[in-house]
Amino acid sequence: MPEPIQTLTTIDAVRALVRDARADGRRIALVPTMGALHEGHAELVRTGLERADLVIASVFVNPMQFGPHEDLDRYPRTPDADTAALAELGVAAVFMPTVDEMYPDGGRSETLVTAGHLGMVLEGRSRPGHYDGVLTVVTKLLSIVGPDVALFGEKDAQQLFLVRRMVRDLNLPVEVVGVPTVREPDGLALSSRNRMLRPGERADALALSRALAAAGSAADRGVEAMLAAAQSVFQSDTGVQLDYLAIVDPATFRLAPAEHHGPVQVLVAARVGAVRLIDNAVFTIA
Ligand code: PAF
């Protein structure tokens, strides 16, 4: 019988739990989340349980990664359902701090971990400061928990790339593991924001995964053909406002030139009604 999940709201309580786990020689995995959990998060937890003796999940809607006109207030918050789901999955503890616990100086941190140039392109261009907010809170969570391994979804490819680079740049003693995106049977990538879609918008949101599939089907014709194929999906889909569509080299996250060969990552962001969604997929140009 696994031990019941502990709900921790203070940094001190997390550190005490980690101290005891370390005294028992146990490996720790961290699953950072903003809650409103779905099967994609469950996969993060399952991967964490494969790689460590104990999983600690955090549920914290981090205000520092939301811009002034973004959906911080509307972002779904379902703490009871999240705790129940994490308990069911065998998570040892969930860290659910208040904003004050994480940012006692007026809800923000003056000291930032900045994502640099790659934090200002693509997703970062549309959401200025977003990745600085992400890297700052991830650094805080890594510092609070001190896990052996931390799990992140591949759906936010730029976030995963930037977290990996930060860990390398700052010599943080943690292994970062990316976990594949979980999709609905019709291709829609699972996202906490999907639950903000209105009924008719659910079908419109499929434009993102359709665009990725269209790009993939043109992979034998190179970068330009892939972009054109993906773009054509948005020309016929009126309910969706494309934000960006880009093809990067996954090794560098730089835009892939027209003559690129080898792996490419197609990235898409679009607004479906009031909800902004992202998705990506990796293909190979032979
Ligand atoms: O991917 C997310 O849910 C968030 O960006 C993260 C990593 C939990 C930081 O707030």
Side-chain angles (χ1 to χ4, degrees), residues 8 11 14 29-45 47-48 55-67 70-79 81-83 85-86 91 93-99 101-103 107-109 112-115 118-119 122-124 126-145 147 149-167 170 172 174-182 189-196 267 269 275-280:
L8 310 175
I11 293 166
V14 176
L30 171 68
V31 175
T33 82
M34 297 207 302
L37 303 181
H38 51 66
E39 194 48 34
H41 297 109
E43 274 303 299
L44 301 183
V45 170
T47 309
V55 170
I56 299 177
S58 60
V59 172
F60 178 62
V61 183
N62 172 34
M64 288 205 59
Q65 68 188 74
F66 287 78
E70 292 187 353
D71 55 358
L72 174 62
D73 295 337
R74 284 193 308 129
Y75 197 87
R77 289 162 172 86
T78 56
D82 292 344
T83 307
L86 293 169
V91 167
V94 55
F95 177 41
M96 286 186 169
T98 60
V99 170
E101 179 71 6
M102 289 298 275
Y103 301 117
R108 52 175 297 109
S109 167
L112 295 180
V113 180
T114 71
L118 279 185
L122 301 163
E123 197 57 14
S126 299
R127 305 186 64 188
H130 170 66
Y131 285 119
D132 292 357
V134 169
L135 294 189
T136 300
V137 82
V138 169
T139 303
K140 284 170 73 73
L141 291 167
L142 292 175
S143 153
I144 292 164
V145 177
V149 55
L151 295 298
F152 294 84
E154 288 178 356
K155 188 172 72 71
D156 190 338
Q158 194 169 355
Q159 168 173 282
L160 178 57
F161 186 94
L162 290 171
V163 168
R164 281 202 165 112
R165 198 184 59 174
M166 171 185 80
V167 162
L170 302 183
L172 302 180
V174 63
E175 181 191 1
V176 173
V177 173
V179 177
T181 302
V182 179
L190 295 195
S191 162
S192 302
R193 288 192 167 90
N194 289 354
R195 62 178 84 193
M196 298 196 275
L267 309 166
V275 184
R276 193 164 175 288
L277 298 175
I278 58 173
D279 201 353
N280 73 88

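Ligands are counted one by one from 1 in listed order, and the atoms in each one are counted from 1 as well.
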query: Do Tyr131 and Val138 come close enough that some side-chain heavy atom pair is under 4.5 Å?
result: no

message: Are His41 and Val182 packed together at the side-chain level, in the sense that at least one heavy-atom pair is separated by less than 4.5 angstrom?
response: no

message: Is Val137 close enough to touch ligand 1? Criterion: a residue heavy atom under 4.0 Å from a ligand atom.
response: yes

Run the numbers for me: atoms of ligand 1, each under 4.0 Å from some heavy atom of [X], listed by number.
| X | result |
| --- | --- |
| Pro32 | 8 (C) |
| Thr33 | 8 (C) |
| Gln159 | 1 (O), 2 (C), 4 (C), 5 (O), 7 (C) |

- prompt: atom 4 (C) of ligand 1: which of Lys155, Gln65, Lys140 has the nearest heavy atom?
  reply: Gln65

statement: Heavy atoms of Ile56 and Val145 approach each other most closely as CD1-CG1, 4.0 Å

query: Is the shortest distance from a Lys or Arg side-chain nitrogen in Glu101 or Lys140 to a carboxylate oxygen in the other one below 4.0 Å?
result: no

Sole residue of Val31, Val94, Thr33 in side chain to side chain contact (heavy atoms under 4.5 Å, CB included) with Leu86: Val94

